[in-house]
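Notes follow the structure.
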2 protein chains.
Amino acid sequence: MPKKSNNLAIDEPLDTSTGCMPTKLDALVGYALRRAQLKVFQHLVSNLNKFDLRPAQFTALAIIEQYPGLMQADLANILAIEPPQAVVLLNKLEARSLAVRVRCKPDRRSYGIFLSKAGENLLKELKEVARLSDEESTAALTAEERDQLVALLHKVYLPEA
Amino acid sequence: MPKKSNNLAIDEPLDTSTGCMPTKLDALVGYALRRAQLKVFQHLVSNLNKFDLRPAQFTALAIIEQYPGLMQADLANILAIEPPQAVVLLNKLEARSLAVRVRCKPDRRSYGIFLSKAGENLLKELKEVARLSDEESTAALTAEERDQLVALLHKVYLPEA
DNA sequence: TATTGTTATACTCTATAACTATA
DNA sequence: TATAGTTATAGAGTATAACAATA
């Protein structure tokens with residue numbers, strides 16, 4: 001019979017030191033998504049620390065490259081953040097001369113946002129860092145499984161499909 | 001030839017109103033994970049709002065059910081939060097009489113944490129809510145794809161495997 | 001001296017309302 | 001009046017240091 005070491009409902013003390021305990025919640029998509037996202041995200045955060053950048057700042061640079069001249073409101077929409085957050089984010093990028101706001105001629109309320117040459121160069125490097133960080137934090141997957149995972153995730157969050 | 005409507009690098013204004021813009025970043029696992037997680041998580045948040053509960057509180061209830069009598073430090077470890085966060089979380093659960101702290105006889109510094117009968121009953125309901133929320137927010141997936149996704153996510157964040 | 005839980009604190013992220021300047 | 005951007009502020013979530021009680 002099992003030994004009884006104390007008066008609690010569990011006889012064996014839990015060993016929660018291994019970093020990640022499997023629970024019954026793992027069957028939920030939302031729970032599994034959260035745990036996996038947290039791991040991959042934190043790995044990227046530590047890789048971007050060397051550049052004194054946050055993931056959202058890297059994302060913003062990539063979006064500005066893809067849509068040069070876009071307005072702040074569009075950047076906020078694509079990043080899924082509120083306009084006030086876009087302001088502080090852009091302030092930091094502009095203070096580091098990675099991006100610039102250019103007053104729009106036809107509508108002088110808005111700006112066109114562009115990457116600086118320095119921003120372009122840094123982004124090129126960051127993309128490789130992100131790709132590598134991705135592979136490292138999902139090293140348990142084969143390349144094929146990684147593609148499968150990304151395809152399934154797209155089905156979840158991209159419209160139409 | 002394409003019409004030129006302004007002096008920006010893009011000729012056509014962006015339509016970012018559709019909720020989610022595809023970008024080149026979608027090829028990154030981390031980015032896709034984040035977007036999908038955000039969508040599924042926010043759906044759960046709005047479903048749990050009816051119960052005035054946050055996802056972490058639901059998770060805590062489920063973990064306490066699985067490991068009745070566990071210590072606060074273990075709960076913190078499994079939830080991947082810091083001990084001070086576990087304190088406020090448990091304070092709220094205890095204030096609503098969903099969980100209880102019981103002083104541990106052999107080591108009077110620690111508590112054993114248990115669900116109340118009300119906590120057990122509520123958790124039963126919450127599990128169904130979470131399962132349904134999961135299915136709704138991943139309605140673009142077949143049941144088989146959902147299982148595939150969960151299996152791939154486990155490979156990413158669970159040890160050994 | 002070390003450990004469990006706690007308090008206090010701070011820093012980030014997020015969300016909202018109110019303001020400005022243009023339209 | 002409506003819109004683009006901004007400011008101010010408040011609420012979560014998260015992390016650390018310092019403390020009390022117990023071992």
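Quick caveat, the model's predicted, so the values are computed rather than measured. Just so we're on the same page: letters track the sequence lines, and every chain starts at 1.
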Its contact letters, B for base, S for sugar-phosphate only and - for none at protein heavy atoms under 4.0 Å, make nucleotides 10-16 of chain C read ---SSSB

I need a per-nucleotide contact map over nucleotides 18-23 of chain D, read 5' to 3'. Cutoff is protein heavy atoms under 4.0 Å; write B for the base, S for backbone only, - otherwise. ---BBS

Between [X] ([atom1]) and [N] ([atom2]), how many Å, whole number?
X	N	atom1	atom2	value
A:Asp74	D:dT3	CG	P	14 Å
B:Leu90	C:dT7	CG	P	12 Å
A:Gln72	D:dG5	CD	P	5 Å
B:Asn91	C:dT7	CG	P	7 Å
A:Asn49	D:dA15	CG	C1'	14 Å
B:Leu53	D:dG13	CG	P	12 Å

With no hydrogens and no angle check, just 3.5 Å: does a side-chain donor-acceptor pair link A:Tyr31 and B:Asp134? no

Is there a path from A:Ile63 to A:Leu158 through hydrophobic residues (I, L, V, M, F, W, Y) whose side chains come within less than 4.5 Å of each other? yes

Examine A:Leu153 and B:Leu38 and state if one hydrophobic cluster contains both, with Ile, Leu, Val, Met, Phe, Trp and Tyr joined whenever side-chain heavy atoms are less than 4.5 Å apart. no

Where [X] and [Y] come nearest, the two heavy atoms and their spacing:
X	Y	value
B:His43	B:Glu136	CE1-OE1, 2.7 Å
A:Pro55	A:Val45	CG-CG2, 3.7 Å
A:Val156	B:Ala36	CG1-CB, 4.1 Å
B:Pro22	A:Tyr67	O-OH, 3.4 Å

Residue that, paired with B:Asn47, satisfies side chain to side chain contact (heavy atoms under 4.5 Å, CB included) out of B:Leu53, B:Leu126, B:Val129, B:Leu132: B:Val129

